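As structure tokens, the structure follows; a few thoughts come after it.
Proteins get letters first, then strands, A, B, ... in listed order; numbering begins at 1 in each. Here the structure is a predicted model, which means the values were calculated and not measured.
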Number of protein chains: 2
Amino acid sequence: MAQLRVPVTRRERQREATYDEIVAVAAALLDEGADLSLRAVAARMGMTAPALYRYVANYQQLVDLVAFELDREATAEWAEAAERFAEDDPAARLVVACVRFRQWAVSKPRRFALVFANPIAEEDTERRELLTVSTSGHYFTDLLWEVWDRYRFPFPTLDELDPVIREACLDPLIPAKAERIAHEDRGLMWIYMRSWSALYGVVTLESTGHCDPRVIESGQLFRATLLDWIGPLGLEAERQRLTGILDEELARR
Amino acid sequence: MAQLRVPVTRRERQREATYDEIVAVAAALLDEGADLSLRAVAARMGMTAPALYRYVANYQQLVDLVAFELDREATAEWAEAAERFAEDDPAARLVVACVRFRQWAVSKPRRFALVFANPIAEEDTERRELLTVSTSGHYFTDLLWEVWDRYRFPFPTLDELDPVIREACLDPLIPAKAERIAHEDRGLMWIYMRSWSALYGVVTLESTGHCDPRVIESGQLFRATLLDWIGPLGLEAERQRLTGILDEELARR
DNA sequence: CGAGGAAAGTTTACACCGTTTACCGTTAAT
DNA sequence: ATTAACGGTAAACGGTGTAAACTTTCCTCG
């Protein structure tokens, strides 16, 4: 029994704390506009750079670590904000979460770039696996499933899908909490991919600044993109209410 | 008269050639998977690094120069491919150009990242201006206008638009060949922004690899996104033909 | 308790990077 | 022919990631 318990020796607690400090310091550097460097992180922690190699194998792993934690942190924020609507109101929660995601991306573009605009080479299976456990991805798939569970919007059956897509729906390599989705309902994953692609698109465009700043400021492009999904997600009857929530959340700034 | 002619002295020709070589060498480095560094470019040109400062003020300018030229080069490729359809068939040309853009982004992700995934800070007016003259942006706006000129799909009137968006349509800060669009038709720019956002979204998602590799390989996500725009662009009557062109172009690999 | 060993640091070193400064031929213009 | 601009060099500075060798600290086990 004893060895089954996670052994929290003094050393391990210290090590855990060091990891936390790494992430905190990195986030601070990022917010200050400095760029994330191994040496800078080490220096600010009162260590020499090579010491950090006791914690990460190389620079890329440092970045991945920070990205993963920032993703978790951000997702927790959106989730908390979404909880101002009841559990049985997933549509409202989804709207809030999307807006908060967007506000986060626009107000903290460097964090966003680290987490979401970080190129992943096809061959890099390690980093790809890391992507699979992305917290935000799981959160959004889960939310989408709940919306479906409540509103039962249509989605393609597995045999309507392109064989490759079918496989990708059944055994997703992307961040997704698919276990919860019944095998025969896995066509839902296609809706997830499509809607995520749309959301990712506007948000990346806005966050990276490849867009008229006035348009970003107004939020209209994002708003229109979200509204496009009201119909496909079976929320037509709720359009007015959800639009209200959307606008309110956007105005919150 | 004489001083109106662009003076092509020997020196200026040489200088021009050097600029071309910088871009060529940088592109080669990029394609080899090395990262773009001022020193590496200089070394491969047989120069020392400081010599490059006679041509660009700093590293960022080197990147911008290369990005701009690669954008031009790529746009020329898509445009040439699109010309296999007649000038009076802008819809087919648009489909071809979009697919070629996507194939370029997926097969040369590093070039894509340089040109389109390069963050631009809000304050950086210089780089923002550079963005405004982006060749690809002009090409796509132009093509969209031609589609509208032929099919007359509906678009919001200026007074239907949010005031901020209206202003952005009238005096665009984004790459766009807007002069050609009559003042009262500037609502078209809204359609441009929205469709560009959608296109940019999938393509970035696929190019950066934040997506199941099998889905990228199949091209289905991109295909579906493009097909969504057949209706809004007034091309419903052409759906079958355009879908054929789309699939053919995607299969071309 | 004390010996042994792993863990966590440091120092030193190397090869890169962007950038500045001072200097020097070559080339073009007056 | 003189002068000035141009296009290059060498040296140097401070920054980066990373490797190897060495030291100190702490935990564990006989």
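The main-chain N or O of B:Leu170 is found under 3.5 Å from a side-chain atom of B:Arg186 such that the two form a donor-acceptor pair. Not a single donor-acceptor pair under 3.5 Å links the side chain of A:Arg72 to the backbone N or O of A:Thr135. B:Arg128 places a side-chain N or O within donor-acceptor distance of the main-chain N or O of A:Gly209, the cut-off being under 3.5 Å.
Per the geometry, CG belonging to A:Asp35 stands 13 Å off P belonging to C:dG18, to the nearest Å. As rounded to whole Å, 13 Å separates atom C1' of C:dC17 from atom OH of A:Tyr59. As a whole-Å value, the separation of B:Leu29 CG from C:dC16 P is 14 Å.
Chain A approaches DNA chain D within less than 4.0 angstrom (heavy atoms of the protein), and the contacting nucleotides run 5' to 3' from D:dT16 to D:dC27.
Of the residues in residues 42-55 of chain A, those lying under 4.0 Å from DNA chain C by heavy-atom distance are A:Gly46, A:Met47, A:Thr48, A:Pro50, A:Ala51, A:Arg54, A:Tyr55.
The aromatic rings of A:Tyr19 and A:Tyr55 sit perpendicular, their planes meeting at an angle over 60°, well past the 30° parallel limit.
Across A:Leu114 and A:Asn118, no two heavy atoms sit closer than the pair O-ND2, 2.9 Å. In this structure, B:Thr132 and B:Ile174 approach most closely via the heavy-atom pair CG2-O, 4.0 Å.
A centroid separation of less than 6.0 Å is found between the aromatic rings of A:Phe101 and A:Phe116.
Residues B:Arg15 and A:Ala40 both approach DNA chain D. Their nearest nucleotides, taken by heavy-atom distance, put B:Arg15 toward the 5′ side.
Interatomic distance, B:Leu36 CG to B:Arg110 CZ, rounded to the nearest 0.5 Å: 8.5 Å.
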